[in-house]
Amino acid sequence: MRVWAIVMAGLLAAPCAWAGSNSAGKVCDARKFGAVADGTAKDTAAIQKAIDSCAANKGGGVVELSGGTFLSGPISLKSNITLNIATGATLLGSPDRADFPAFTFARLQTVQPLVSAVNAENVKITGGGTIDGNGHIWWEYVRGVKDSGVLGTDHPRPMGILFDHCKHVEMNGVTVQNSGFWQIVPNYTDDVIFRNIKILAPLSPNTDAIDPFSSSHIVIDHVFSSTGDDNVAIKSGAINSPGPDAPSEYITITDCTFEHGHGISIGSEVAGGVHHVHVERVHFKGTDNGIRIKAARDRGNDVSDITFKDIEMDGVKNAIFITEYYPSSKAPQGDVAPAEITRLTPKFHDIHLENVHAVNSASDGIIVGLPESPVFDVTLKNVHVEGHGGMEIAYAKLKFDDVTFKAETGDGITVRKTAEITAK
């Protein structure tokens with residue numbers, strides 16, 4: 001862990017070497033390329049011309065959106081481009097579904113995101129303005145559609161912002177809201193900073209805030225999100241993935257506030273594994289979950305070196321939810337026969353919770369592994385959870401140091417005979 005801390009300290013400093021390069025280049029005001037920013041006329045072509053013009057300049061440049069609402073279909077960012085959306089300006093997604101062409105993501109068919117960067121380096125989105133996906137158009141489109149939250153369906157929806165196979169990415173100061181689907185997605189992307197941003201959506205389907213897929217060296221810092229799904233979801237590899245899949249690793253989440261949403265999730269699709277995740281000084285208020293690590297026999301791999309420290313929760317439905325039996329929300333009753341260990345067998349270990357406090361929870365939660373792959377090397381230190389229902393533990397080996405679970409009904413903690421707890 002100490003070695004990783006040194007690596008992360010270097011990561012936080014590293015972007016300074018490239019962050020200023022875009023601002024030193026050409027400035028391309030989208031209005032000078034024909035954008036009218038009246039919220040009615042489509043400015044897609046004008047914005048893309050501004051991006052392409054700046055990208056043609058040696059060293060790239062800054063594309064400026066200011067003073068209005070820029071109605072747009074999908075736009076594609078290029079290397080060495082900063083998209084600066086000034087305070088008071090909005091990039092608004094087109095209400096016409098036909099403006100979003102077919103697009104391949106993770107080997108599956110979907111539609112092109114509102115903003116995307118593919119195989120690009122040194123990409124920034126800055127300013128005090130807003131990227132609004134106009135998502136109600138898409139939410140109504142999938143109302144009542146089975147499996148509409150799964151990629152590859154016949155009712156695809158656009159992500160808000162996608163960084164696909166990129167390097168050196170930063171988002172700072174903007175508000176992202178109302179995406180048709182997942183809001184911000186780094187996919188196979190390395191060295192990413194999300195800082196001082198807001199991510200918003202009402203109760204709406206699959207409007208996850210930030211979803212790193214098989215991505216590394218990610219900083220999520222001072223982010224506020226209130227969404228219709230996961231506030232952060234860290235994934236790698238699909239269900240029944242044939243592989244190979246890259247892991248998601250070296251991810252820090254610090255000084256964030258999460259309200260409506262499903263909390264911080266690792267999984268459930270982790271066929272490439274997840275390693276070296278550090279979450280510190282995060283406040284959850286009214287989320288469906290707080291700490292959630294989940295997988296199943298058809299989508300797992302090694303998930304390790306996960307730390308949650310200085311975490312506060314109030315009114316969270318499930319405070320601590322660690323399971324290799326997803327989507328079940330309960331531990332299995334009685335003995336369960338072990339299955340054959342495969343490349344997709346979940347292996348959760350080296351998970352550490354310190355200074356975690358939760359009140360008014362519907363459930364303290366569960367910690368449950370598989371009989372063939374118990375959760376192990378899990379430590380809880382100064383962890384105090386109060387909820388309506390208690391904590392249930394099975395197929396796991398844990399160490400407790402100053403830990404309490406309280407329940408309004410039933411036992412505060414139920415430890416199945418398949419679990420082992422060492423307590424100070």
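Every value quoted in this text rests on a predicted model; they were computed, and no experiment measured them. As a basis for the values below, the full set of heavy atoms in this structure was taken, side chains included, without hydrogen atoms, waters or symmetry mates.
If you check the side chains of Thr287 and Lys317, you find no donor sitting under 3.5 Å from an acceptor. Side-chain atoms of His388 and Glu408 form a donor-acceptor pair, as typed in the model, at a separation below 3.5 Å.
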Next item on the list: Apply the test side chain to side chain donor-acceptor pair (under 3.5 Å) to residues Asp190 and His217: give CA-CA distance (whole Å), side-chain angles for both, the deciding distance (0.1 Å), then the verdict.
Entry: CA-CA 6 Å; Asp190 181 68; His217 301 104; 2.7 Å; yes

Next item on the list: Could you check Val282 against Thr254 for side chain to side chain contact (heavy atoms under 4.5 Å, CB included), going step by step and ending with a plain yes or no?
Entry: CA-CA 6 Å; Val282 173; Thr254 50; over 6 Å; no

Next item on the list: Evaluate the side chain to side chain contact (heavy atoms under 4.5 Å, CB included) criterion for residues Thr90 and Phe70: first the C-alpha distance (whole Å), next the side-chain angles of each, then the deciding distance (0.1 Å), finally the verdict.
Entry: CA-CA 6 Å; Thr90 297; Phe70 296 78; over 6 Å; no

Notebook entry, point to check: side chain to side chain donor-acceptor pair (under 3.5 Å) between Ser72 and Asp43: does it pass, once the steps are laid out?
Noted result: CA-CA 5 Å; Ser72 179; Asp43 292 326; over 6 Å; no

Next item on the list: Before giving the answer on side chain to side chain contact (heavy atoms under 4.5 Å, CB included), spell out for Leu162 and Val115 the whole-Å C-alpha distance, their side-chain angles and the decisive distance to 0.1 Å.
Entry: CA-CA 6 Å; Leu162 170 66; Val115 180; over 6 Å; no

Note to self: Using the rule given for side chain to side chain contact (heavy atoms under 4.5 Å, CB included), can you reason through Ile220 versus Cys256, listing the C-alpha separation, both sets of side-chain angles and the distance that settles it, and then say yes or no?
What the structure shows: CA-CA 8 Å; Ile220 300 172; Cys256 295; 4.1 Å; yes

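Partner of Ile234 under the side-chain contact (heavy atoms from CB on, under 4.5 Å) criterion, out of Ile266, Val270, Ile210: Ile266 alone. Each of Ile291, Asp230, Ile253 was checked for a side-chain contact (heavy atoms from CB on, under 4.5 Å) with Ile264, and the lone residue meeting it is Ile253. Paired with Asp305 under the rule side-chain hydrogen bond (donor to acceptor under 3.5 Å, both in side chains), one option of His278, His276, His352 passes, and it is His276. Screening Ile193, Asn196, Ile161 against Met171 for a side-chain contact (heavy atoms from CB on, under 4.5 Å) leaves a single residue, Ile161.
With a 4.5 Å cut-off on side-chain heavy atoms, Ile184 and Phe194 count as touching. Here the side chains of Met391 and Ile393 are in contact, with some heavy-atom distance below 4.5 Å. Contact annotation: the side chain of Arg299 approaches that of Tyr326 to within less than 4.5 Å [non-hydrogen atoms, C-beta and beyond]. Between Val356 and Lys309, every side-chain heavy-atom pair lies at or beyond the 4.5 Å cut-off. The closest side-chain heavy-atom distance from Val403 to Lys381 is not below 4.5 Å. With contacts defined as side-chain heavy-atom distances shorter than 4.5 Å, the pair Val375/Thr323 does not qualify. Side chains of Pro158 and Val111 form a contact here, defined as non-hydrogen atoms less than 4.5 Å apart.
Among residues two or more places apart in sequence or in another chain, the side-chain hydrogen bond (donor to acceptor under 3.5 Å, both in side chains) test is passed with Asn231 by Ser225. Among residues two or more places apart in sequence or in another chain, the ring-ring contact (aromatic ring centres under 6.0 Å, His included) test is passed with His165 by Tyr188. The disulfide bond (SG atoms under 2.5 Å apart) test applied to Cys28 returns Cys54, not counting sequence neighbours. For the disulfide bond (SG atoms under 2.5 Å apart) test, no residue two or more places apart in sequence or in another chain qualifies with Cys166. Not counting sequence neighbours, the partners of Asn206 by the side-chain hydrogen bond (donor to acceptor under 3.5 Å, both in side chains) test are Arg157. Partners of Ser328 under the side chain to side chain contact (heavy atoms under 4.5 Å, CB included) rule, at least two apart in sequence or in another chain, are Lys330. Residues passing the ring-ring contact (aromatic ring centres under 6.0 Å, His included) test with Phe284, sequence neighbours excluded: Phe258. Residues forming a ring-ring contact (aromatic ring centres under 6.0 Å, His included) with His222 (at least two apart in sequence, or on another chain): none.
Between Leu65 atom CG and Leu91 atom CG the span is 6.0 Å, to the nearest 0.5 Å. For the atom pair CD1 (Ile251) and CD1 (Ile218), the distance works out to 4.5 Å, reported to the nearest 0.5 Å. Between the CG atom of Leu353 and the CG atom of Leu380 there is a distance of 5.0 Å, given to the nearest 0.5 Å. Taking NE2 from His275 and OG from Ser216, the interatomic distance works out to 12.0 Å, rounded to the nearest 0.5 Å. Taking CD of Glu280 as the start and CG of Asn355 as the end, the distance is 9.0 Å to the nearest 0.5 Å.
Salt bridge Arg281/Asp310: absent, no basic N to carboxylate O contact under 4.0 Å. With respect to Lys167 and Asp191, no salt bridge is recorded, no charged nitrogen being found less than 4.0 Å from a carboxylate O.
Thr69 contributes no side-chain N or O that, together with a main-chain N or O of Asp38, makes up a donor-acceptor pair within less than 3.5 Å. Formation of a donor-acceptor pair under 3.5 Å by the Asp96 side chain with backbone atoms of Ala98 is not found in this model. A donor-acceptor contact shorter than 3.5 Å links the side chain of Asn57 to the backbone of Gly60.
Contact detail for Gly228 and His262: the closest heavy-atom pair is O-NE2, 4.1 Å. Across Gly128 and Thr87, no two heavy atoms sit closer than the pair CA-OG1, 3.4 Å. Nearest heavy atoms, Gly412 versus Asp364: O-OD2, 3.8 Å. Smallest separation of non-hydrogen atoms from Pro346 and Arg297: CD-CA, 4.0 Å. Annotation for Ser268 and Lys235: closest pair N-NZ, 3.8 Å, computed over non-hydrogen atoms. Residue Val303 comes nearest to Ile293 through the heavy atom pair CG1-CG2, 4.1 Å, listed as atom of the first residue, atom of the second, then distance.
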Determine all donor-acceptor pairs shorter than 3.5 Å in which one atom belongs to a side chain in residues 173-182; sequence neighbours excluded.
| residue | atom | partner | partner atom | Å |
| --- | --- | --- | --- | --- |
| Gln177 | NE2 | Asp132 | OD2 | 2.8 |
| Asn178 | ND2 | Asp132 | OD2 | 3.3 |
| Ser179 | OG | Gln183 | OE1 | 3.1 |

Counting only pairs under 3.5 Å, give me each side-chain donor-acceptor contact of residues 141-155, with atom names and distances, residues two or more places apart or in other chains.
| residue | atom | partner | partner atom | Å |
| --- | --- | --- | --- | --- |
| Arg143 | NE | Glu140 | OE1 | 3.3 |
| Arg143 | NH2 | Glu140 | OE2 | 2.6 |
| Thr153 | OG1 | His155 | N | 3.2 |

Can you list, pair by pair, the side-chain donor-acceptor contacts under 3.5 Å of residues 99-107, counting residues two or more places apart and other chains?
| residue | atom | partner | partner atom | Å |
| --- | --- | --- | --- | --- |
| Asp99 | OD2 | Lys42 | NZ | 2.7 |
| Asp99 | OD2 | Ser94 | OG | 2.6 |
| Thr104 | OG1 | Gln109 | NE2 | 2.6 |

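Identified under the salt bridge (Lys or Arg N to Asp or Glu O under 4.0 Å) test for residues 210-227, with sequence neighbours left out: Arg195-Asp221.
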